[in-house]
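These numbers were taken from a predicted model, which means no experiment stands behind them. In what follows, every chain begins at residue 1, and chains take the letters A, B, ... in the order their sequences are listed.
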Number of protein chains: 2
Amino acid sequence: METVERLIRSTQELLWERGYVGTSPKAIQRAADAGQGSMYHHFTGKAELAKAAIERSGAELREAAEVQLAGEGTPAERISGYLGRERDVLRGCQVGRLAADPDVVADPELRAPVAETFEWLRARLAEVVAEGKRTGDFPESLDPERTAATIAAVLQGGYVLARAAGSTEPFELAVQGLVDLLGAK
Amino acid sequence: METVERLIRSTQELLWERGYVGTSPKAIQRAADAGQGSMYHHFTGKAELAKAAIERSGAELREAAEVQLAGEGTPAERISGYLGRERDVLRGCQVGRLAADPDVVADPELRAPVAETFEWLRARLAEVVAEGKRTGDFPESLDPERTAATIAAVLQGGYVLARAAGSTEPFELAVQGLVDLLGAK
DNA sequence: GTCTATACTGGGATAGAC
DNA sequence: GTCTATCCCAGTATAGAC
């Protein structure tokens, strides 16, 4: 694999694990097996490299979501499929994790890909909810934008509760609770 | 205020803002207006001081939640009151924020107060939901533990989405979406 | 209890050789 | 493109004086 590619992927991993503040250029170089000069030749510094890595992670999140949301089945089944799909819960969300980072939130260049990813996700979920209202999966009373935000929040919050507990259980409970509420009509 | 107290409160603020990894002993000393020797006289180091600060933050979260959850009104009203109470949304949750921190999650001494806080919160919410089932506020079909986890997750996830967006809007949408679902019976 | 001195490592980056 | 040298400051802590 090429150096630039290794640098971006290593940065993605480290940002996921330790966040922006906790990730040093040296650690990136070690993980990517790239030298100091090499890294600074391809990127102006930590911030630019992080930006590339965050954009990549955002794209991966969108692709993974789209697999479920554009897949087979009724709208309700696709939402449930998305909620229940295999996840490495205790690792958390590689994009959502960055919202905790003050240096990411404070820098427009770094926050932008994070913001765009969740804007896309909420809009996409809202589409599927709206579709479900037309098919009768969901009651007319449901507001698609609100419901989409709730769905995205349960996942992000589920990760937080699971990591706090050191167990996937709270995540699973939260998701089941949401599925119950969505199905209760 | 005494030195120990200033150290703990300053550490709480810094942990909230920058997390454990992003908080240095020097920054704590500056914020607390305490010297190097003073801090190391009262605490063995950053970890012990952080533990004290996290325990304090956990206690504050519990007290704040209890105001709403043990307050006036029907169970459904108390849940809504808790969800809708005044919050500094863009600052995030001072306890939940720590679940993103690898050094907190990895250290049992530091993770314990975070875990206990959310265990307490979910149990307390489950009590109120169960009470609401008895009073007829909530349908018999609702599982209290699941629903409690969903409520806690919506809040934590709402913070994540809001900070990502740089706006409180996603938080408010997510909460409203949950209230809608809980009220739909 | 608090202060200053000291120590050592790592963070983040630039310069210039190869 | 990549390597090594170098720079300066911050992180985290210990030691001993006051």
(request) Considering only NZ, NE, NH1 and NH2 on the basic side and carboxylate oxygens on the acidic side, decide whether B/R56 and B/E5 come within less than 4.0 Å. (result) yes
(request) Could you tell me the separation between the CZ atom of B/R6 and the C1' atom of C/dG1, rounded to a whole number of Å? (result) 12 Å
(message) Given B/I151, which partner from the list B/V179, B/L125, B/L121 fulfils the side-chain contact (heavy atoms from CB on, under 4.5 Å) test?
(response) B/L125
(message) Using a strict threshold of under 4.0 Å (side-chain N to carboxylate O), is an ion pair present between A/R6 and A/D33?
(response) no
(message) Looking at B/D101 and A/R18, is there a salt bridge between them, counting it only when a charged N and a carboxylate O are closer than 4.0 Å?
(response) no
(message) Output the rounded distance in Å from CZ (B/F43) to C1' (D/dT12).
(response) 16 Å
(request) Check the distance between D/dG11's P and B/Y40's OH and give it to me in whole angstrom. (result) 11 Å
Below 3.5 Å between N/O atoms, which protein atoms pair up with nucleotides 3-7 of chain D? Just atom names and distances, please.
| from | atom 1 | to | atom 2 | distance (Å) |
| --- | --- | --- | --- | --- |
| D/dC3 | OP2 | A/G35 | N | 3.3 |

(message) Assess whether a salt bridge exists between A/R9 and A/E13, defined as any Lys/Arg side-chain N lying under 4.0 Å from an Asp/Glu carboxylate O.
(response) no
(request) Using atom CD of B/E5 as one end and atom C1' of C/dG1 as the other, report the distance to the nearest whole Å. (result) 17 Å
(message) Do the side chains of B/E145 and B/R122 get close enough for a salt bridge, i.e. N-O under 4.0 angstrom?
(response) no
(message) So, does B/T3 get its side chain near the phosphate of C/dG1, meaning an N or O under 4.0 Å from OP1 or OP2?
(response) no
(request) Whole angstrom is fine here: how far is it from NZ in B/K46 over to P in D/dA13? (result) 8 Å
(request) Measure the distance from NE2 on B/H41 to P on D/dG16 and round it to the nearest whole Å. (result) 17 Å
(message) Assuming nearest nucleotide by heavy-atom distance, tell me which of A/T44 and A/S24 is located more 5' along DNA chain C.
(response) A/S24
(request) Give the rounded distance in Å between these two atoms: CG of B/D103 and C1' of D/dG11. (result) 13 Å
(request) Rounded off to whole Å, could you give me the CG-to-C1' distance for the A/D33 and D/dG1 pair? (result) 15 Å
